[in-house]
Structures are given as C-alpha cells and as structure tokens.
Amino acid sequence: MGLLAGFHDFVWTATGVAAIWLVRAARRRSIDRVSLTLVFVAGVAIASTAPHPEPAHWRRAEQESTDRLAKIRSRAGRKIDKVFGEDAGLARALLIADQREIPTEMRERYAAAGLVHLLSISGLHVAVIASAMELLFQVARLSRRAAILWTFLGTGIYVAIIGAPPPAVRSAAMLGVTMASRVAQRPSSPWAALAIGAFAPLVNPRTALDLGYQLSVLGMCGLIAGGAASRRYLGATLNGWRAHVSRELVVSVAASVVTAPLVAYRFGSISLIGPVSNLFAGPLIGVAQPMLFLALLLSPFERVARFCADAVHPLLLLFDQVASSAASVPGGSVAVHATLLTAGCAAVAAAGTVVACTSRFPSRPALVAVMASSLMVIAPTPRLLHSGEVELHVLDVGQGDAALLRTPAGRWVLLDAGPGWDGGDAGRRTILPYLRRRGGSLEAFVLSHPHTDHVGGAASVLAELEPHTYWDAAFAGGSAAYIASLATAREEGIEWRRVHPGDGMAIDGVSISFLAPDSAWTVGLMDPNLASTVTMIGYGVVRFLLVGDAERAEEEWLLREYPMGLRADVLKVGHHGSSTSSSDAFLAAVQPRAAVISVGARNQYGHPSNDVLRALANAGAEVLRTDYSGTVIARTDGRRVEMEAGGERWELELASPKLSSESDSIFRPR
C-alpha cells in the first residue's frame, strides 16, 4: 500500500510539473505542447485511477459531494421530464449529459451519423450558453470586463444547476481560462486550456471512466488540432463561405478521427459521414441550446417553460432528422469489431494525426498514424477468454429481446434476435459484434414469437452465422422481419423446426427444453404474445427460464401443465415487464432469485410496470434491467450462479429446493 501511495504521489507531482511546463511551452509556442498535453491528460488519468489510501473523512466528503451532485442532477432531470414531455430523453442528454433515457437504437443511430458526441455536454454546449449570456450582458450596456465576469459567474451557475456533469466542468474550466486571458489581455494556448479543463473534473477519480468526459476531452483535442491544420494548410487560399465551410470540414474531420477509437470500441461502428453531418447539426444545437436552458431555468413557471420547450421542439426534430438521414446513407458508417488491440492501434493513429495537424514537420507523425492504421487492419482478432461455465447473456438491444446461451464448450444458442429499424437491426449492430469478440459457433436459433422487436435482427444473424436449427412457435402470420428470417433460413439450408411441449436439445451437457406453446392451445389465438415459446435451460441443479412475451393466459396454461416444474433460479421476465405478465401465482411457482427485464430506455409502452417490479421484489427476486445496467450475464457451474451487470459481479443466493420427479422429467429433451 505504501508503494502504491508513493506511486500515486509521484504521478500527481509529475503531472503538476508537466502542467507548468505545458503552459510555458505554449507561451513559447513550442511544437512539443501537443505531446505534453497528451502526456498530461494520460498522467492525470493514471493518477486518478491508481489505488491509494485516503483518510476516511476524505472518502466521506467525496461521497457526500457525489451524492449532492447526484441529487441536483436528479432534481434537474425531473424538471426536464415535466417540461419537455416526449423530448425529455434528448433534452436530458443535451442539458445534463444524462444519456440513460436515450433508447439504444437512437444512440446507435447517432453513433452511425457521427453525432454521438453531441449527446454529451461538449464544449459547444457550454460555449453557446456563455456566448448567449455575454451578448445579453453587452446589450444591457455592461462594460466588457463586467460582461465577461458576469458571463463566467452565469456559466458557473448553469453548470451547478445541471449537477456539474464532468464534460460541463471541463468546458467551464476551459472557458474560465479563456475569459481570464481576455480580461488580462494576454494570449492563451488552447492546449493549456484543454489540459486545465481535462484536469478539473478529476477531483472525482472515477470521472476518468465516464464516456461523456472521454468524448468531451478527445473531441476538444480534435477541434483544436483541426483548427491548427485549417489555419496552416488552408491559410488565405480561400475566402468567403468557401473558406468557412472548408475550415469547418477540416475541423470536423479531425474531431471525428480523434474520437473514432473510443466510438468504435463503445458502439461498434465508425462514421464516415460524421464530418458532413456535423456541419448541419452543429448550428442547430447552437440555436437550440440556449432555449433548452431557458426552459429548464423557467421550470418553476410551468406555462412559460412549456412555451419554450414547444418552441425548441422543431429544432430537436430537425436535429434528429439530420442524424436519421446521415445514418441511412449507404456506406455512411462502417461496422467494426473493436478489440483492445485494434482500439490501441486506432488511438496511436489518432495521436499521430493530432501531432501531424499541429507540427511544422508532419511527415513522421503522419507516418506513425498510417502504420498504426495498417496494423489495425491486419491485426488478428483475439477472442475473449471463456470460463468454461454455462452463461446466459441477456443483451442490451433496447426495446426488444435477445439472449445468448453459451455452453461449457463455448458454443452458442440465440434466443430471439432483438428489434429492427430503418437502416439497421440488432443483429448487425449488437449480436454479431458481440459473438465475434467472444468466438464460438452458433448452434441454434430459438424464436419466441414473430414480433419485430424479437425477430428484427434474425435474418442478419442467420445469413452470417448459419446455425444448424431454427426453432419456431409457428404462429400464423407475422412481421416482414419474420418472413425475411424464414426466407434466409431456407436460402442458407437451416433446418426449421416447430416447437412442441417436450421438444428440446442437449448441447455440451446443457439441456434446453420447450414447455410451450401447444398447438391445441394456440389454434384459437389472435395474439402472438400468447403463443410465445417458453424455454427452460438446465445445467446441474441450476435453471434459467425464458418466457418471451407470454402473458397471464399462457402463464395459467403453464401452471396447469407444470404445477411443480416451473422453478427457476433466473427468470427472463415476460413481455418486458408489462403488467399483462408475471402474475403472483406464476412468480410463486417459479421462485426466481434473479429477474432480468429486457427493456428500452423511455419506451413508449411504459415498460416495466411498477406493479410488476413490486411483485418481483415481493417474490424475493433481485431485479436487473438492461436499460439501467446494460447487458446482464448469469454464469453457473451447475451449483452456484454468478451475476454480472453494470461492471460489477456478485454471487446469487440460491434457494436450492429439491427437484420433484415431474420437474426433473422436463429436462429430458426428445
């Protein structure tokens, strides 16, 4: 511990010295200021995340500060929900850097369009608010110095009102440095401002791991480098609107290149259309941001606040339309299967690009960037290690269902394939990259029912991975995505099999049994939900139960047919937690210790139901939601279950009742 503390203090001292050196180098306009900035930011991240002992009162103070800020952001979030209505998810992202309410498919659409950085508080957002304030104070005939001072104070109030999210703190710190230099009438280096801005939010070390903070710092690094490149290489060769558009395009390209490694690793795609889409989206945010903040500021006056929110609604619709149009351009984004190796190569390429943009001698850093890019292309894709246990992965696919079962030998079974949307689907965007990073063949696909939110990504997965079998409840009719999945299965020679109670398969010691639906039960039904495939997975004494979108009528059928055979340790909750499912009698029969709800953030259906959440809690189940925790994983060796969600792991406390002969018999697939 002493060594760790010493290392921590050394790095903090080194980064402090680097900061001073950086400022002096910037004053001399030294070429090395870019390298120093990169070293400084990296050193701060290392120092912030290094384990080190802290006095108990420091930890308490830090926790109390974090709790206070969380309460402020939560209060602001509730005001935003009340004022903005259906625009609340986007308004939360733009105002308080809260992306939890952004649906997965929307977030991926913005990533494909190259606009995902605008969903966090970037320098643009705070600068727009500050510019509006300064203009207002100048109109009020304040002196230049007074206008700058009041603008700085107003920006601080804005950051405090929204709960001081790390990107906003970074932007405000940079703005403070710039304003101080204006008041002192002294030149300032944007790299020195960036270093100070990147350091400021790291009072809380965990900030270094925040996606919004990372995008904010890297995006600003790209903007500064792009600005330097445009001044150096465009110079006075262009003028008028052509010069403005060219400069903006160069800056946007640089920002896209610098943020590409992080976006690719987190979202599985690289946007090629991003530099163009930013030319249209940036001005829209510049106009919308002050109106958004004004609506939040006036939230105590509900009618006035709603008037402002209604006024900004067309701008948000247009902003979203820009993202949708850019994401739908053929070849506008490229799906990538990022690993730590490829992300590292991309990071080196991005750093080389930054140095090349700002250096008088760009050939060497440009060569490094090209070599790193080449290595990224030809590098083999390493597979994530498999523990050898049985794993159930409930994927975060937004408002839909997709679960992957992994056998001890590393083979997979896919149960539902998530939603589809215009220009993409969960198969291409989520499931295929997820499987490729982990390796292993896909043995079978099991479809619960033919609604698009369950079968939307099936055709993409079937065409790419060609499993041996397609299990289907065969409900008459279905969506276009369902028909496409059947056509793909036929083209690829995949065996189609209809689900009957008692059917199933055994793979590497894992038994997969289908409890429903029964053809005699489904013959008079009109709703595919009531004919959902119900799957029981068994390994040792551990059971996983997946019920698709089964509603109470099908649950009652299951209770009649298997009165003692529904017990399961992990339940994938039916119908995304809708009140139409998960009756008290059904939960009493299942006795789940963990209940996983696959649901999209701020979905239009209001899933999950509060009544269902209470019922699950009363049944003794630990509730996990993909909209809160992302992908949820349950691992078992046949005796114990380990859960993983939100970056944390813990062992599930099992009830371990004895299995009856009837319960045991359902795990012998025909």
Side-chain angles (χ1 to χ4, degrees), residues 12-13 15-30 32-41 43-44 48 65 69 97 121-204 207 213 216-228 231 251 286 289-290 293 358:
W12 270 100
T13 303
T15 51
V17 173
I20 298 172
W21 191 11
L22 171 66
V23 174
R24 291 180 176 177
R27 293 285 299 275
R28 294 194 305 269
R29 299 186 179 275
S30 169
D32 290 337
R33 63 186 181 275
V34 178
S35 302
L36 286 172
T37 300
L38 297 174
V39 171
F40 174 72
V41 174
V44 167
S48 302
S65 175
L69 292 176
I121 302 292
S122 65
L124 172 65
H125 300 71
V126 176
V128 165
I129 297 295
S131 298
M133 288 182 183
E134 186 172 1
L135 179 61
L136 181 63
F137 293 134
Q138 289 176 352
V139 170
R141 297 185 177 277
L142 293 179
S143 67
R144 177 174 175 272
R145 183 184 294 267
I148 292 175
L149 176 61
W150 282 106
T151 298
F152 178 72
L153 293 176
T155 304
I157 293 172
Y158 163 62
V159 173
I161 287 175
I162 64 177
V169 174
R170 192 275 309 161
S171 301
M174 290 189 66
L175 188 65
V177 172
T178 303
M179 288 181 172
S181 67
R182 289 174 59 193
V183 169
Q185 297 184 351
R186 300 290 298 273
S188 63
S189 165
W191 294 107
L194 175 59
I196 294 172
F199 180 85
L202 293 176
V203 174
N204 182 353
T207 298
Y213 167 80
S216 178
V217 173
L218 290 176
M220 183 55 62
C221 182
L223 292 177
I224 296 173
R231 290 190 297 271
V251 169
Q289 195 70 26
F293 178 56
T358 57

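When all heavy atoms of A147 and L142 are compared, the closest pair comes out as N-CB, 4.3 Å. Taking all atoms of both residues into account, the shortest heavy-atom contact from V159 to A172 is CG2-CB, 3.9 Å. Shown here for T151 and A130, the closest heavy-atom pair between the two residues is CG2-O, 3.3 Å. Nearest heavy atom pair, residue T358 against residue A228, reads CG2-CB, 3.8 Å.
With sequence neighbours excluded, the residues satisfying side-chain contact (heavy atoms from CB on, under 4.5 Å) with I148 are E134, R144, M179, R182, V183.
The structure places CG of L175 at 5.0 Å from OG1 of T155, a figure rounded to the nearest 0.5 Å. For the atom pair Q138 CD and W150 CH2, the distance stands at 15.5 Å (nearest 0.5 Å). The CE atom of M174 sits 9.5 Å away from the CD1 atom of I196 when rounded to the nearest 0.5 Å.
Atom CZ of F152 sits in a sparse spot, with 12 or fewer heavy atoms from other residues, nucleotides or ligands closer than 6.0 Å.
Of the residues L223, L218, V217, the one that meets the side chain to side chain contact (heavy atoms under 4.5 Å, CB included) test with M220 is L223.
For residues 150-164, no residue pair satisfies the salt bridge (charged side-chain N to carboxylate O under 4.0 Å, His left out) rule, not counting sequence neighbours.
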